[in-house]
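First the structure, in the form of C-alpha cells, and then the observations on it.
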Protein chains: 2
Amino acid sequence: MTEDSYPRTRRFLQGRSRDALDVRERSLLESLVDEVQQFTSPHTILKRGDVQDRSTILIEGTVARVIHEGGKRHIVALHVPGDFVDLHAFTLKRLDHDVVSMGAVRVGYVTHDALTRVLETEPNLSKMLWYSTLLDAAMHREWIMKMEHLSAHGRLAHLMAELWQRLTFVDLAGESGFALPLTQQELADSCGTTSIHMNRVVRKLRETGVVDISRGQVTILDFDELKRVGAFDAAYLYGEGPLKLI
Amino acid sequence: MTEDSYPRTRRFLQGRSRDALDVRERSLLESLVDEVQQFTSPHTILKRGDVQDRSTILIEGTVARVIHEGGKRHIVALHVPGDFVDLHAFTLKRLDHDVVSMGAVRVGYVTHDALTRVLETEPNLSKMLWYSTLLDAAMHREWIMKMEHLSAHGRLAHLMAELWQRLTFVDLAGESGFALPLTQQELADSCGTTSIHMNRVVRKLRETGVVDISRGQVTILDFDELKRVGAFDAAYLYGEGPLKLI
DNA sequence: CGCAAGAATTAACATATGTTAGGGTTTGTG
DNA sequence: CACAAACCCTAACATATGTTAATTCTTGCG
C-alpha cells in the first residue's frame with residue numbers, strides 16, 4: 001500500500017489485523033467517506049445527546065471523548081488517526097458524551113445510510129467495524145483498571161505507554177517519542193486528577209528519567225521503567241503479531 | 001410475552017429497546033443457545049487469553065469481568081441477567097480479562113459459528129448484538145468518569161444506583177432494593193478501593209440513610225440522595241422511554 | 001516589540017484513602 | 001452443637017491528592 005492509497009481510511013485498524021479487510025473492502029470503505037472537514041482551534045465536534053446521521057473517522061490529529069460532570073471535564077478516551085470516534089452512535093443513536101478536538105484535526109464522515117447498506121451486504125466489513133468498537137471497549141476496560149489500581153504517577157505513565165504503542169500501530173510515532181497536543185490540564189482530565197497534581201507528576205517522571213512531556217512533545221526516556229510504573233501490558237490493544245514495544 | 005417465552009434469552013436488551021427484535025428474531029436468538037450450565041460456588045467461568053468458540057449469555061445471577069494486576073483483583077464490569085458477558089470475544093478472538101461468577105449463576109452458550117451465520121443473514125439481529133456490546137462500552141465510559149471524578153463514597157452510590165436501574169430493566173429489582181451477592185471486598189474491587197475503606201463507606205451510607213448494604217441485600221433508603229451522592233444520571237444506560245427511576 | 005492570555009510551576013495546608021494490626025461476627029458443615 | 005473459614009468491623013498512623021493562592025514562563029497577536 002502506497003502512501004497515497006486510501007488517503008482517508010488507510011489507518012483504520014492499521015497494526016491491529018493485517019488481513020482484516022481485502023482490497024475490495026478497503027476500497028469500498030474509502031469510498032464511503034463522503035466529506036472531509038478540518039478544525040484548527042480546539043473545537044467540540046460532537047455534543048452529548050446529538051442524534052447524528054453520519055459517523056466520524058479521525059484522519060489526522062488527536063480527539064478526546066469528554067463527559068462533563070459536576071462542573072468538571074473528564075476525558076474518558078483519546079483517539080489517534082484511523083479511529084472512528086463515534087461509530088457507536090450509528091447503533092446507539094445518540095451520543096453519551098462530547099467529542100472534542102485537541103489541537104488541529106482532520107476528520108471524514110460516513111453516512112449511517114451507507115453503514116446500513118454495509119451491514120446488509122458486507123458481513124466481513126461489518127464485523128471489522130464492530131471489531132473497532134470492541135477495541136475501544138477493551139481500552140475502556142484497561143482505563144477502568146488503571147483508575148482503580150494506579151496512582152496519578154502510574155496513570156500518566158500508562159497513558160504515555162498506550163499512546164506510544166497506538167501511534168506506532170499507525171506509523172505516527174517517532175524514534176523516541178511523539179507529538180501530543182495536550183496541556184497539563186488536559187492530561188489531568190485524562191488521569192482523573194488536578195492540573196496542580198499533574199504538574200508534580202510530570203516533573204517527577206521527567207526528573208527520574210522515565211518520560212519527558214513538554215511543549216506538546218513526549219520523549220520516552222526509559223520505556224522499560226515507563227511500562228513498570230504504568231503497569232502496562234499491551235495485550236489489551238490486540239496488536240497483530242509480536243508487538244514492537246514489548 | 002409470558003414468563004415462559006424464550007426462557008434463556010428473554011432478558012436480552014429488555015428495557016433497552018422494546019422493538020429491537022421481532023418475534024422471528026427473538027425466537028431465532030432463543031434457538032441459538034445450545035447449552036445451559038450452572039455454577040454454584042464462586043467460579044472463574046472464562047479466563048483471560050482464552051480463545052473460545054462460543055459466547056456466553058447470563059441467564060441468572062451476577063458475574064463480574066475481572067482484570068488481575070499487581071496481585072490485586074479489579075472488577076471492571078458487573079453483569080445482570082440478559083447480558084452477554086463475552087460477546088466481544090466473538091470478534092476479538094481472545095478475552096482481555098477473566099469472567100467470574102458472583103454467587104450462583106446460570107449461563108447459556110451460543111457458538112461462534114451460529115453468530116457468523118447471523119452476521120451473514122440477519123442484519124437487524126446482528127446490529128442488536130453489536131448494540132449490546134456498545135451498551136457495555138457506554139457503561140465502561142461512565143465507570144471511567146466515576147473513577148476519575150468521584151470519591152469512594154460517590155463510587156459506591158453510583159454503583160448501587162446503576163445496578164438498581166439495570167435490574168429494574170430486566171424486572172429483577174424489588175420495591176425498595178435488590179439482592180446482590182457481593183462481599184465488601186468485592187464491592188471494594190469494583191470501586192477501586194480497599195475493603196477497609198469500603199467498610200467505612202458502607203457504614204456511612206447506611207448511617208446517613210442513603211442506602212443499606214448488608215448480607216447480600218441492598219435496600220435503597222433515599223434514591224434522590226443516592227443519585228446526588230453518586231452523580232448518577234441514567235441517560236448512559238439507554239433505557240427505553242421515560243426511565244422509571246429518573 | 002510589547003502586551004495579554006493561557007500555561008506551567010511552586011508553596012502551604014486540609015483531607016480522603018491506604019496500610020497494618022487485630023478483634024468480633026456470621027455462615028456453612030460435619 | 002462445635003468448629004473453621006469467611007466476612008465484617010474498628011483503630012492508629014502514613015501518604016497521596018485536593019484546594020487555594022501566587023508567581024513565573026510561553027505563546028500568539030496587534
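Side chains are part of it too, since the values below use all heavy atoms of this structure and drop only hydrogens, waters and symmetry mates. Just so we're on the same page: letters track the sequence lines, and every chain starts at 1.
Residues of residues 97-105 of chain A that place a heavy atom closer than 4.0 Å to DNA chain C do not occur.
Checking dT19(D), dA7(C), dC7(D) against the side-chain heavy atoms of Thr183(B) singles out dC7(D) as nearest. When each of dT17(D), dT27(D), dT10(D) is scored by its nearest atom to the side-chain atoms of Ile196(B), the top-ranked nucleotide is dT10(D).
In this structure, His149(A) places its NE2 atom 16 Å from C1' of dT17(C), rounding to the nearest Å. Rounded to whole Å, the distance from NZ on Lys204(B) to P on dT10(D) is 15 Å. A straight line from CE of Met198(A) to P of dA16(D) spans 15 Å, rounded to a whole angstrom. At whole-Å resolution of the value, CD in Glu148(A) and P in dG18(C) are 11 Å apart. Met147(A) has its CE atom 12 Å from the P atom of dT17(D), to the nearest Å. The distance from atom CD of Gln184(A) to atom C1' of dT10(C) is 12 Å, rounded to the nearest whole Å. In this structure, the CZ atom of Arg206(B) is 10 Å from the C1' atom of dC9(D), given to the nearest Å. His197(A) has its NE2 atom 16 Å from the P atom of dA16(C), to the nearest Å.
A salt bridge is defined here as a Lys NZ or Arg NE, NH1 or NH2 lying under 4.0 Å from an Asp or Glu carboxylate O, and Asp136(A) with Arg65(A) meets this definition. Ion pairing between a basic and an acidic side chain is recognised when a charged N comes within 4.0 Å of a carboxylate O; Glu225(A) and Arg228(A) show such pairing. Salt-bridge annotation for Arg166(A) and Asp83(A): present, with a side-chain N of the basic residue lying under 4.0 Å from a carboxylate O of the acidic one.
Using a 4.0 Å heavy-atom distance criterion, Gly154(B) is classed as making no nucleic acid contact. Within the nucleic acid shown, Gly216(A) has no heavy atom closer than 4.0 Å to any nucleic acid atom. Using a 4.0 Å heavy-atom distance criterion, Ser151(A) is classed as a sugar-phosphate-only contact.
Between Arg200(B) and dA12(D) there is no side-chain polar atom (N or O) within less than 4.0 angstrom of OP1 or OP2. Remark: Lys72(B) is in phosphate contact with dT19(C), judged by side-chain N or O atoms under 4.0 Å from OP1 or OP2. Taking 4.0 angstrom as the limit, Thr193(A) places none of its side-chain polar atoms (N or O) nearer than this to OP1 or OP2 of dT17(D). For Asn199(A) and dA8(C), the shortest distance from a side-chain N or O to OP1 or OP2 is not below 4.0 Å.
Note on ring orientation: taking the six-membered ring where Trp is involved, the planes of Tyr236(A) and Phe232(A) are perpendicular (angle over 60°, cut-offs 30° and 60°).
Other residues, nucleotides and ligands contribute at most 12 non-hydrogen atoms within 6.0 Å of the CD atom of Glu175(A). In this structure, Arg48(B) places its CZ atom where only 12 or fewer heavy-atom neighbours from other residues, nucleotides or ligands lie under 6.0 Å away.
Here the closest heavy-atom approach between residue His140(B) and residue Ala77(B) is recorded as CE1-CB, 3.9 Å.
Of the residues near DNA chain D, Arg215(A) and His153(A), the one whose nearest nucleotide (by heavy atom distance) lies more toward the 5' end is His153(A).
Side-chain contact of Arg200(B) with His197(B): a donor-acceptor pair under 3.5 Å is present, judged by distance alone.
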